[in-house]
Protein chains: 2
Amino acid sequence: MKAVALQVIPAIKLHSLKDACAQCNARELCLPQGLSDAELQQLDDMVGVRQKLKRGEHLYRNGDPFSAIYAIKTGFFKTDVVTEDGRDHVTGFQMHGEILGMDGISGDAHACNAVALEDSEVCVIPFAELEHLSATIPTLQRHFHRVMSREIVRDHGIMMLLGTLRAEERLVAFLLNLSQRYAARGYSPTEFHLRATRDEIGSYLGLKLETVSRALSQLQDSELIQVQQKYIRITSLDGLKKMLAHTQTC
Amino acid sequence: MKAVALQVIPAIKLHSLKDACAQCNARELCLPQGLSDAELQQLDDMVGVRQKLKRGEHLYRNGDPFSAIYAIKTGFFKTDVVTEDGRDHVTGFQMHGEILGMDGISGDAHACNAVALEDSEVCVIPFAELEHLSATIPTLQRHFHRVMSREIVRDHGIMMLLGTLRAEERLVAFLLNLSQRYAARGYSPTEFHLRATRDEIGSYLGLKLETVSRALSQLQDSELIQVQQKYIRITSLDGLKKMLAHTQTC
DNA sequence: CGCAGTTTTGATTCATCTCAATTTGTGTGG
DNA sequence: CCACACAAATTGAGATGAATCAAAACTGCG
C-alpha cells in the first residue's frame, strides 16, 4: 500500500456544518461530551473540515508536521511506530468516537503513523483553535485533558499486558477490550469483525502472527469463541473474563 | 513497606515561595519552561505546597482521589499498576523535572501507584488551579499539553520495546534512556546509580529479575558497561547504541 | 479461473522463565 | 563497631512457551 493523496472535503454548507457535531453518532463518546448546546455550536464552527479515507490510506505519517487532532466519525484505524532499523510496532487500534493525533503535540510533528483499516471519516480539529477555544470553555478544556489522560492510562494497561501476560491471555484481553468498546457503541459485545490482520494484532500484542492464529484456535477449541477468519463470536464472555482473573491465584 | 502519613510542608514564607520556581534547579525541564518572569510568578503563587517523601513512601496510590499533579523537585520515583489478581507492573521511572500524576485526570482518581525510590521532594500543583491559570497563559497551556503528549509518545516507545526487543536489547534501551536523561540534567551520561532493584527494572522491561541480572553480566562481559550492584558505568556508549541500531539489518 | 495475500497447522529451535543454591550487600541492635 | 539477619543479586541447570521455518488451505479480487 503506497501513499495516496488525502481527500479533503471542504466546507459545503454552513447549515449542515453547524449541525455536524450535534448529529454525529459518535458524539456521546467524542470530544464534545458534556458540552451545552451553545458550546457545541462553537466547537462545531471550529471543526471546519471532514476528511474521508479509503482502506489502507494514511491519515498522517511519522514526521508529518502537526497542526490538528482528529475525531473519528466512522471507521477503524491503527497507529504504529517504526524504528530506524525497520522494526515496526502497532501501538493501538482506534474506532469511532476516539481521538487520533495527540502524539503530535509534544514535538510539533506526528510521532507515529495512523492508517485507516477500513473506509473511514474523521473530523479535523485544528489544534491551535482547540487550545484557543478550550481556554474559554472550561468544560471543553477539562474534557480534552481527560481524553489525553485516558490515553495515558490505556497505554499503561497495554504495557502491563505486554509485560506480564502470556500469549493466550493477551489475546483474551484484546478481545474483551474490543467487546467492551463495541458494546459502548451500541453494537454486539459478542459478535464482531476484526479489522486487523493476524500480523497487525500480533504486532500490537507483541506476538508473531502464527501465535495469534494458534491462540485463536485454542480459544475456539475451548469453546469460548468461534472464529471464521476476521469474524469473531464470543460464546462465553464469562469464560474469557475468568481466564484473565485467576491465572496465578489458583 | 507500609503506608506512611504524608508529610506536608505548609507555606512558610511568601517571599521564599515566590522564588521557588525561579530558583528550582529542575526548572529548565519542568512545567514553567518557556514562561516569562511575570508568568513564572503566577505559577509560583499557584504551587503553594512542597511535599517531602522518604524512600519507599507513596506519593499517591491507585484509587486515591485526584486533585493535583506533581513536579519532582528532587529524587526518583517509580509508578506501577496492579491488577485484581495481584500482578503488578512498573510503568515508569521518573526523575527530577518530570511530572507525575497525569493518570488521575481522566477518572478523578489515580490509576497507578507512585513510590519514591529515594528521599524526594515534589511540588504539588493543584490541578483545578493549573487548568484555570493555563486558560489565561497560553504558553503554560501549550506547555502542559506538550508534557502530556510527551508522556503518550514515551509510552508508545515502551510498548515498542516490550513488543519487539529481546531481553538484552531492552536493557540497553533502558540504560541509554537513563544515560540521556542524566545528561540532560547535567550529570554524567556514562556513570550513575540505578535507583531501582533488578526486580523493578525487570517488571518495567517485562523480564524476570534473573534475566535482568544475566543481561547486565553479559553486557559487562562484552566490555560495554561495568556493573557493581546498582552502580553502572557505561564504557562504550556507541557500542550500546549499535546494539539497538542494527539487530536485524546485518 | 487463477493468483496473491492471509491464515492455519506442524515440527523444531531458541530465548526466557523457573527452580535452586550461593554470594554479596545493607541495616539494626547489642 | 561488630555480628547478625534479611534483602538483593548472581549464577547454574532444566523446563517451557513462543519464535522460526515450512507447507498447505482458504479467501477474495481482478
Side-chain angles (χ1 to χ4, degrees), chain A residues 1-2 54-56 78 87-90 115 117-119 161-175 193-222 225-232 243 247-248, chain B residues 1-2 54-56 78 87 89-90 115 117-119 161-175 193-222 225-233 243 247-248:
Chain A
M1 287 166 196
K2 43 181 72 166
K54 292 226 169 294
R55 186 154 78 92
K78 72 166 179 184
R87 279 187 268 225
D88 83 327
H89 181 84
V90 172
V115 184
L117 295 186
E118 62 181 24
D119 293 359
L161 174 151
L162 290 169
T164 72
L165 301 191
R166 291 180 307 102
E168 208 179 25
E169 296 172 322
R170 294 186 197 184
L171 205 42
V172 169
F174 173 66
L175 292 175
H193 278 270
L194 298 173
R195 264 61 182 212
T197 65
R198 303 285 189 268
D199 195 30
E200 288 163 332
I201 297 168
S203 173
Y204 179 62
L205 299 176
L207 303 170
K208 292 294 160 185
L209 67 94
E210 296 96 326
T211 308
V212 173
S213 179
R214 272 185 249 273
L216 283 172
S217 301
Q218 252 178 282
L219 291 174
Q220 182 163 240
D221 292 347
S222 311
I225 65 173
Q226 286 169 11
V227 190
Q228 209 164 9
Q229 297 287 124
K230 294 209 159 62
Y231 168 82
I232 297 283
M243 285 198 58
T247 318
Q248 298 184 314
Chain B
M1 288 167 194
K2 44 180 71 166
K54 291 226 169 294
R55 187 155 77 92
K78 71 166 180 184
R87 279 187 268 226
H89 181 84
V90 173
V115 185
L117 295 186
E118 62 181 22
D119 294 359
L161 175 152
L162 290 170
T164 72
L165 301 191
R166 290 180 308 102
E168 208 180 25
E169 296 172 321
R170 293 187 199 185
L171 205 41
V172 169
F174 173 66
L175 293 176
H193 278 271
L194 298 173
R195 264 64 182 209
T197 64
R198 303 287 189 265
D199 195 29
E200 287 163 333
I201 296 169
S203 173
Y204 179 63
L205 298 175
L207 303 169
K208 291 294 159 187
L209 68 95
E210 296 96 327
T211 308
V212 172
S213 179
R214 272 185 249 273
L216 283 173
S217 301
Q218 253 178 282
L219 291 174
Q220 182 163 241
D221 292 347
S222 312
I225 64 174
Q226 286 169 11
V227 190
Q228 208 164 10
Q229 297 286 123
K230 293 209 160 62
Y231 168 81
I232 297 282
R233 189 173 135 74
M243 284 198 58
T247 317
Q248 298 184 312

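Here is how names work: the chains are called A, B, and so on, in the same order as the sequence lines, proteins then strands, and each is numbered from 1.
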Using a 4.0 Å heavy-atom cut-off to protein, can you give one letter per nucleotide of nucleotides 10-22 of chain C, 5' to 3': B if the base is in contact, S if only the sugar-phosphate is, - if neither? BB----SSBB---

Is the shortest heavy-atom distance from the side chain of A:Y204 to the side chain of A:D199 under 4.5 Å? no

Using a 4.5 Å cut-off on heavy atoms from C-beta on, say whether the side chain of B:L175 contacts that of B:L219. yes

Can you tell me the distance, in whole Å, between the [atom1] atom of [X] and the [atom2] atom of [N]?
X	N	atom1	atom2	value
B:R195	C:dT26	CZ	C1'	17 Å
B:Q218	D:dG12	CD	C1'	14 Å
A:L171	C:dT8	CG	C1'	14 Å
A:H193	C:dT7	NE2	C1'	16 Å
B:Q226	D:dA9	CD	C1'	18 Å
A:E169	D:dG17	CD	C1'	12 Å
A:L194	C:dT6	CG	C1'	13 Å
B:D199	D:dT10	CG	C1'	14 Å

Residues that B:R195 engages under salt bridge (charged side-chain N to carboxylate O under 4.0 Å, His left out), provided they are two or more places apart: B:E118

Those residues that, when tested against [X], pass side-chain contact (heavy atoms from CB on, under 4.5 Å) (two or more places apart):
X	value
B:T164	A:R87, A:H89, B:M160
A:A196	A:F93, A:L117, A:E200, A:I201
A:Q226	A:Q220, A:R233, A:T235
B:R214	B:E210

Test item: [X] side-chain N/O and [Y] main-chain N/O as donor-acceptor pair under 3.5 Å:
X	Y	value
B:R170	B:L205	yes
A:R55	A:D119	no
B:S217	B:S213	yes

Report all interatomic pairs (protein N or O, nucleotide N or O of nucleotides 25-30 of chain D) with separations under 3.5 Å.
none

So what does B:T197 touch, heavy atoms closer than 4.0 Å: a base, only the sugar-phosphate, or nothing? sugar-phosphate

State whether B:K230 places a side-chain N or O below 4.0 Å from either non-bridging phosphate oxygen (OP1 or OP2) of C:dT26. no

Axis-to-axis angle across the helix from C:dC1-D:dG30 to C:dG30-D:dC1, five pairs each end, nearest 10 degrees, ~ 40°

What residues, two or more places apart in sequence or in another chain, satisfy side chain to side chain donor-acceptor pair (under 3.5 Å) together with B:E168? B:Q218

